[in-house]
Amino acid sequence: MAKKKDKKGKKAKRKDKLKAKAAKKPALKLVAKAPKVSSKPWGKDGKALDGVKILDFTHVQSGPTCTQLLAWFGADVIKVERPGTGDITRGQLVDVKGADSLYFTMLNHNKRSITLDSKSKEGMRVLERLVKTCDVLVENFAPGALDRMGLTWERIHSWNPRMIVASVKGFGPGPYEECKVYENVAQCAGGAASTTGFRDGLPLVTGAQIGDSGTGLHLALGIVSALYQRIRTGRGQRVLCAMQDGVLNLCRVKLRDQQRLKAGPLTEYTQFGQNIPFGDAVPRAANDSGGGQPGVILKCKGWETDPNAYIYFITQAPVWEKICDLIGEPGWKTHPDYAKPPARLPRLTEIFGRIEQWTMTKTKFEVMNECNALDIPVGPILSMKEIAEEPSLRETGTVVEVDHPTRGKYLSVGNPIKLSDSISEVKRSPLLGEHTDEILSKVLKFTAREIAEIKASGATGEQPKAATGEAPKAQAAE
Ligand code: CAO
């Protein structure tokens, strides 16, 4: 009996010891050794993605948006382009004859360009070396194109198990996965077009490139997440962003409203106040706010001649009393038809009509200043001209002037994501094949003899070569 008790006691002690040991151990060790805190000033200790090499097989807009962001964060982005023509956008919407288009230059900053015929034997020899050297391959070819080139996931992974392969496609797996997709196709298939525009008008696409640039942004997040996971697992993975999914993610509030329809009419939509019944799908809501605070676009002084003399006005509940005083309706602060948000919902057309009488007496900037002084949220409708000339956007580097050897100075949008310790500088886009020699020798370490062989085969084409200014006829224009 005593012996049994002794055994039990020892067991319990052992358990306690193990427990104490486990408590001391960190739950998950992600990085082997944390580096020392840098003593260099902020913004002077390299870039967030320094050391990351990207094999950039992207073209048109969605893929290039993604790799441009990664380049701004310091990744070495090597853009592989077809000899002769390169990325089709070099020659699309050309405004300066003989120079790369703004379409191309504004999506391919901070990258290096190598020309390579990926379908030739020597081209594949270079590609193999690129795959073995780079961390990430990014592509947005039509479905199956990468496989047809011979670059299957299995082959890439056998050459470089750490390689992350990131793709934009129009649709995810399913009935449409083989389809080629451009921006507006994605806006329509992702729910944006059916919910944009006026209730009694056509579905509308928006000028913001939510299908292309939006999906490129999503893909960039997938890539940095995969790079982070690779620190722990040591292996690469596939990252897929379908444009339909990316657009739907941005239309999340409309899927919210689709489900709310079951509970009754959408009371914040203007159509509710107009007694127009709702159908079984979310209607187009014109300029109604997508959130819980009613808002619309109102005319400002000069609207008769200036197409952008308008302001977005939000009747945010906490500042309702200030709005009443501002527009000269102090009685509305206590009147039962106007004092509380639910009472206002069926009267939004009348209320905004009254506010508009006031906004029409001021310019959009006067409305902006007067409202913001009272914490009333409003948004002036800024034209692209006004944005291009806005000094504060120049100061933050959101709008930048870039110099280019064949087109001269032009404006571009800089990195919209600001990191305090990884400052983005915007460098001009590369000429077609501008860095072919430097990449073959310095990055891929081919010998002079090997480079001569590769070039003699025609795999790199003629370079460096600026765009012709003409779009190749066989390719579809976006
Ligand atoms: N060397 C040799 N061949 C090359 C090459 C190179 N360096 N780079 C590309 N090619 C080949 C591809 O292998 C492909 O050949 P196959 O069709 O014989 O396999 C061919 O060029 C054309 O590629 P593509 O089909 O991607 O190009 P496209 O102009 O016909 O289609 C697009 C363009 C955008 C519709 C299609 O790429 C697509 O659907 N991509 C996915 C969705 C996407 O990103 N859309 C956004 C576009 S931006 O609005």
Side-chain angles (χ1 to χ4, degrees), residues 55-68 78-93 101 103-104 106-108 113-128 130-131 137-152 166-173 176-190 205-220 222 239-247 432-433 436 439 454 457-463 465 471-478:
L55 195 180
D56 181 8
F57 235 150
T58 67
H59 64 158
V60 204
Q61 188 181 160
S62 62
T65 307
C66 164
T67 50
Q68 178 168 262
I78 299 170
K79 183 160 173 119
V80 178
E81 297 183 79
R82 200 201 297 253
T85 49
D87 186 326
I88 180 121
T89 60
R90 284 187 185 267
Q92 283 182 342
L93 311 179
S101 69
Y103 196 174
F104 177 84
M106 290 177 72
L107 285 163
N108 289 284
S113 165
I114 174 174
T115 42
L116 208 58
D117 177 0
S118 62
K119 289 182 178 160
S120 71
K121 193 168 155 255
E122 289 296 306
M124 191 47 82
R125 177 182 176 193
V126 177
L127 267 176
E128 179 177 346
L130 272 167
V131 168
L137 185 159
V138 192
E139 63 92 20
N140 67 310
F141 291 127
L146 202 63
D147 286 357
R148 286 195 293 278
M149 260 181 213
L151 286 177
T152 59
S167 305
V168 169
K169 295 289 164 253
F171 293 92
Y176 306 119
E177 66 186 305
E178 296 301 328
C179 299
K180 288 189 176 183
V181 168
Y182 282 112
E183 170 69 48
N184 290 343
V185 178
Q187 286 200 28
C188 295
V205 293
T206 154
Q209 304 284 283
I210 57 176
D212 279 338
S213 290
T215 309
L217 258 167
H218 282 93
L219 192 73
V239 181
L240 171 67
C241 241
M243 293 168 76
Q244 181 185 39
D245 301 3
V247 170
L432 180 60
T436 302
I439 290 163
I454 293 164
S457 77
T460 54
E462 242 189 292
Q463 52 349 88
K465 187 173 185 290
K473 298 214 165 48
Q475 305 255 16
E478 164 70 333

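Every number for a ligand or one of its atoms is a count from 1 in the order of the listing. What you see is a predicted model; the values in this text were computed from it and never measured.
Taking 4.0 Å as the cut-off, Gln209 does not count as a neighbour of ligand 1 on heavy-atom distance. A heavy-atom separation below 4.0 Å is not found between Gly63 and ligand 1.
For the pair Leu107 and Thr89, the minimum side-chain heavy-atom distance is 4.5 Å or more. Contact check for Leu137 versus Leu146: side-chain heavy atoms found under the 4.5 Å cut-off. Ile114 has its side chain within reach of Thr436: a pair of non-hydrogen atoms, C-beta onward, lies under 4.5 Å apart.
Any N or O atom pair closer than 3.5 Å counts here, and Ala142 shares at least one such pair with ligand 1.
If you look at Met149 next to ligand 1, the close heavy atoms, those under 4.0 Å, all belong to the side chain. Under 4.0 angstrom from ligand 1, the non-hydrogen atoms of Leu116 all belong to its backbone. For Arg148, every heavy-atom contact with ligand 1 shorter than 4.0 Å involves the side chain, none the backbone. In Val181, the part holding a heavy atom less than 4.0 Å from any atom of ligand 1 is the backbone.
Close contacts between ligand 1 and Asp117 involve ligand atoms 1 (N), 2 (C) [criterion: under 4.0 Å to a heavy atom]. Atoms of ligand 1 found under 4.0 Å from any heavy atom of Asp212, numbered from 1 in the order shown, are 46 (C), 47 (C), 48 (S), 49 (O). Contact atoms of ligand 1 toward His59: 26 (O), 27 (O), 33 (C), 37 (O) (distance under 4.0 Å to a heavy atom of the residue). For ligand 1 and Val168, the ligand atoms under 4.0 Å from any heavy atom of the residue are 41 (C), 44 (O). Residue contact check: Glu183 has heavy atoms under 4.0 Å from atoms 49 (O) of ligand 1.
The closest non-hydrogen atom to atom 30 (O) of ligand 1, taken over Lys180, Gln61, Glu81, comes from Lys180. Nearest-residue assignment for atom 33 (C) of ligand 1 (options Tyr182, Phe171, Phe141; heavy-atom criterion): Tyr182.
A salt bridge between Glu139 and Lys169 is present, with a side-chain N of the basic residue lying under 4.0 Å from a carboxylate O of the acidic one. With respect to the salt-bridge test (charged N to carboxylate O, under 4.0 angstrom), the residues Arg125 and Glu122 qualify.
Put simply, the side chain of Gln209 gets close to the backbone of Gly207: a donor and an acceptor are under 3.5 Å apart. Using a distance-only test at 3.5 Å, with no hydrogens or angles considered, no donor-acceptor pair links the side chain of Ser113 to the main chain of Leu432.
The aromatic rings of Phe57 and Phe141 stand perpendicular to each other, their planes meeting at an angle above 60°, with 30° marking the opposite boundary.
Of the candidates Val247, Thr215, Val205, Ile210, Glu183 forms a side chain to side chain contact (heavy atoms under 4.5 Å, CB included) with just one, namely Ile210.
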